[in-house]
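Reviewing the structure listed below.
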Amino acid sequence: MDNSRQLIQYVLSGLSNGAIYALIGFGFAIIYNATGIINFAQGEFVMLGGMLTLFFLVFLNFPLVPSIVLAILISTAVGIAFERLAIRPLKNANPLSLVIITIGASILIRGIAMLVWGKDTHALPAFSGNEPLHIAGATIMPQHLWIFSITVLIIAANKLFFNYSIIGKAMRACAYNSQAASLVGINVKTMVLLSFVISSAIGSMAGIIIAPLTMTSYDVGIMLGLKGFCAVIIGGMSSGLGTVMGGLLLGLLESLGAGYISASYKDAIAFIILLLILFIRPEGLFAKKETERV
Amino acid sequence: MLKIKNINTYYGQVHALKNVSLHLLEGEIVTLIGANGAGKTTLLNSLSGIVPSKSGEIIFAGVPISSLAPSRIVKLGISQVPEGRQVFKPLSVEDNLELGAYLHYRTAAGRAEVKKTGDMVYALFPILWERRKQLAGTLSGGEQQMLSIGRALMAKPKLLLLDEPSMGLAPMITQEIFKVIESLSQEKKTTVLLVEQNARAALKMANRGYVLETGKMILEGAAAELLENNDVQRAYLGKDKKEIWER
Ligand SMILES: Nc1ncnc2c1ncn2[C@@H]1O[C@H](COP(=O)(O)OP(=O)(O)OP(=O)(O)O)[C@@H](O)[C@H]1O
Ligand SMILES: [Mg+2]
């Protein structure tokens, strides 16, 4: 393979991983904006998406689409149960204890997954085969196309929801000032629950579309969660373009670093970026300046 | 239409409202005055369900509301314009108003009405129409206050609670906002409970007034009487001081 073709391969796989990191980052941002909590169980929804799809598709021989739908529904139900059982009863606790609770929940979910599905690593079959497509000299796996198109769809749906629907606007209002939001009749608790619904649904979707490329097991949530967290930190905790850029940047650096330096640095790159950002620009690289007066 | 009977409200150990009673008749403008920290905001927040009272009764249009969630209270027809405006700064003016009508989006009939209510608000505050696409955070203080009032009106309240709408505003703007409040009361028959530091202007417009001091209601009466009352003059009207815009 000549150099430029190799570069294109790295870029492609970097971008597709990056898209996933961005989606996972969205999950962090949506819950953070609604509650002020950094939900370290976010990665577990990603794991659940992949593992549940595998479970229905491979172990129970369900067709692909119902498997995916069921996986998203169940992951979302776990998200709802998590909010109901662990977050809502402690609404007046300080954010630090809530963050610790999310870490506890993530360990619990991971443990249950290990008991149910074991420690093995599995490959989820690609949605439409492994026959590479040749487009303008580059080779691209059909799964990459799935990842890009589903990511674009989710980002667009997210944007439409938060900017044009009354519920989405109510969630933003609530994130900005929950007391003023309740004064116009918005039920703050419902909005918090909704943020968990959306985050777990997006997270599991991310886990489903990446699983055919990266394999899946009970513990993939740790790494994927941390990388999503890195993406959203670069993006300044927004569920917008900043986090998309953050995810893509991380994915690219990772893939180029692994390709040209050494594959063993792949995961280290995310942590180096995370630390650099937190030290140098904790408000994020792409954070928008809040337009404010008075 | 509203009857508050002996309510007590606490912030942890702080006893912020002590056996406070107050009533409002339909169509009245009633003003609540008191020094900083007297508990005026707390009273409005107890009414809105944000800081529920621990004991006592609040009856609105025959319904006991003291233990209802804020959204239920808005639905029954009580809207608050909170202290310090509290508009949703990252959202546009239009979206702020739309959210004011949040509960009306639940029903088809409600949704159909929203545009009409919006037109009414824009007619009251034409500047908001010019600024409708702008983010609320970019508005001036006076414009934000208008937006905050407009947002509350979008819920089509029967009772409007206003918490220091003149705070930090130039006399001209204050006058304009007071005019709107007066016209709401006269034309829309909205009942108004107005919390004000600007006691003279508030009492001039109001039918009746209450004076709250360190959590206790110490005085109530017709607005004209309170204006003449020696204690009120000394404590809240600054005897010889006139409001700048009245000179
Ligand atoms: N969130 C809170 N926690 C604890 N105490 C509070 C809280 N909010 C208000 N208080 C206390 O309750 C009392 C009444 O406060 P409140 O804000 O109702 O006064 P106010 O009359 O609205 O004053 P201002 O004119 O300054 O707005 C004050 O002593 C205040 O310190
Ligand atoms: Mg106050």
Side-chain angles (χ1 to χ4, degrees), chain A residues 29-30 32-36 88 91-94 158-195 235-243 283-284 286-294, chain B residues 44-45 47-51 69-92 94-106 111 114 134-145 148 151-155 157 161 163 167-169:
Chain A
I30 290 167
Y32 177 77
N33 287 326
T35 62
R88 188 177 295 198
K91 199 63 228 284
N92 293 322
N94 67 48
N158 204 58
K159 176 126 186 103
L160 287 176
F161 176 72
F162 281 108
N163 286 305
Y164 297 100
S165 80
I166 183 82
I167 307 271
K169 289 176 198 173
M171 285 183 76
R172 285 167 61 208
C174 210
Y176 176 72
N177 181 338
S178 61
Q179 180 166 322
S182 28
L183 285 178
V184 298
I186 296 168
N187 188 333
V188 177
K189 285 181 188 158
T190 310
M191 296 299 129
V192 169
L193 180 62
L194 199 54
S195 74
M237 279 331 255
S238 82
S239 60
L241 202 59
T243 298
E283 74 276 21
F286 304 105
K288 257 193 305 188
K289 281 251 158 36
E290 185 80 4
T291 29
E292 247 183 59
R293 258 177 74 174
V294 181
Chain B
L44 294 195
N45 282 341
L47 261 173
S48 290
I50 302 276
V51 187
S71 59
R72 296 285 309 281
I73 292 171
V74 177
K75 200 161 189 185
L76 286 172
I78 303 181
S79 286
Q80 187 190 138
V81 180
E83 185 168 33
R85 338 196 200 294
Q86 302 193 31
V87 295
F88 303 122
K89 290 183 178 177
L91 278 76
S92 70
E94 222 170 27
D95 288 347
N96 269 267
L97 291 179
E98 195 178 307
L99 284 168
Y102 180 74
L103 290 172
H104 295 289
Y105 277 86
R106 293 276 175 80
R111 276 193 293 277
V114 170
Q134 228 166 290
L135 295 185
T138 64
L139 299 182
S140 74
E143 289 160 352
Q144 289 190 17
Q145 188 63 63
S148 185
R151 182 181 66 185
L153 292 176
M154 290 300 290
L161 313 174
D163 199 345
M167 192 209 270
L169 299 185

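Just so it is clear, the values below take in all heavy atoms, side chains as well, and ignore hydrogens, waters and symmetry mates. Within every chain, numbering begins at 1; the chains are lettered A, B, ... in the order of the sequence lines, protein sequences first and strands thereafter. Treat the numbers as computed from the prediction; the structure is a model and nothing was measured.
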Point to revise | Segment of B:N45 engaging chain A (4.5 angstrom heavy-atom cut-off) | key: side chain
Exercise for review: Rounded to the nearest 0.5 Å, what's the gap from OH on B:Y102 to CG on A:L183? Could you check?
Suggested key: 14.5 Å
Exercise for review: Please flag which part of B:V87 lies under 4.5 Å from any non-hydrogen atom of chain A: side chain, backbone, both or neither.
Suggested key: backbone
Practice item. Could you tell me which portion of B:L99 (side chain, backbone, both or neither) has an atom closer than 4.5 angstrom to a non-hydrogen atom of chain A? Key: both
Review point. What closest approach, in Å, do A:R172 and B:P90 show between heavy atoms, and which atom pair accounts for it?
Key: NH2-O, 3.5 Å
Exercise for review: Over all heavy atoms of both residues, which pair between A:K169 and B:D95 is shortest? Give the atoms and the distance, please.
Suggested key: NZ-OD1, 2.9 Å
Check your understanding: Among A:N163, A:I167, A:I186, who wins on heavy-atom pairs under 4.5 Å with chain B?
Key -> A:I186
Practice item. For atom OH of A:Y32, decide whether the heavy atoms of other residues, nucleotides or ligands shown that lie under 6.0 angstrom number more than 12. Key: no
Exercise for review: Could you tell me which non-hydrogen atom of A:S182 sits nearest to which non-hydrogen atom of B:I50, and how far apart they are?
Suggested key: OG-CD1, 3.7 Å
Practice item. Walk me through it: do A:Y176 and B:K89 pass the test side chain to side chain contact (heavy atoms under 4.5 Å, CB included)? Key: CA-CA 8 Å; A:Y176 176 72; B:K89 290 183 178 177; 3.1 Å; yes
Study note, to complete from the structure: When rounded to the nearest 0.5 Å, the distance separating CD of A:Q179 from CD of B:Q80 is 7.5 Å
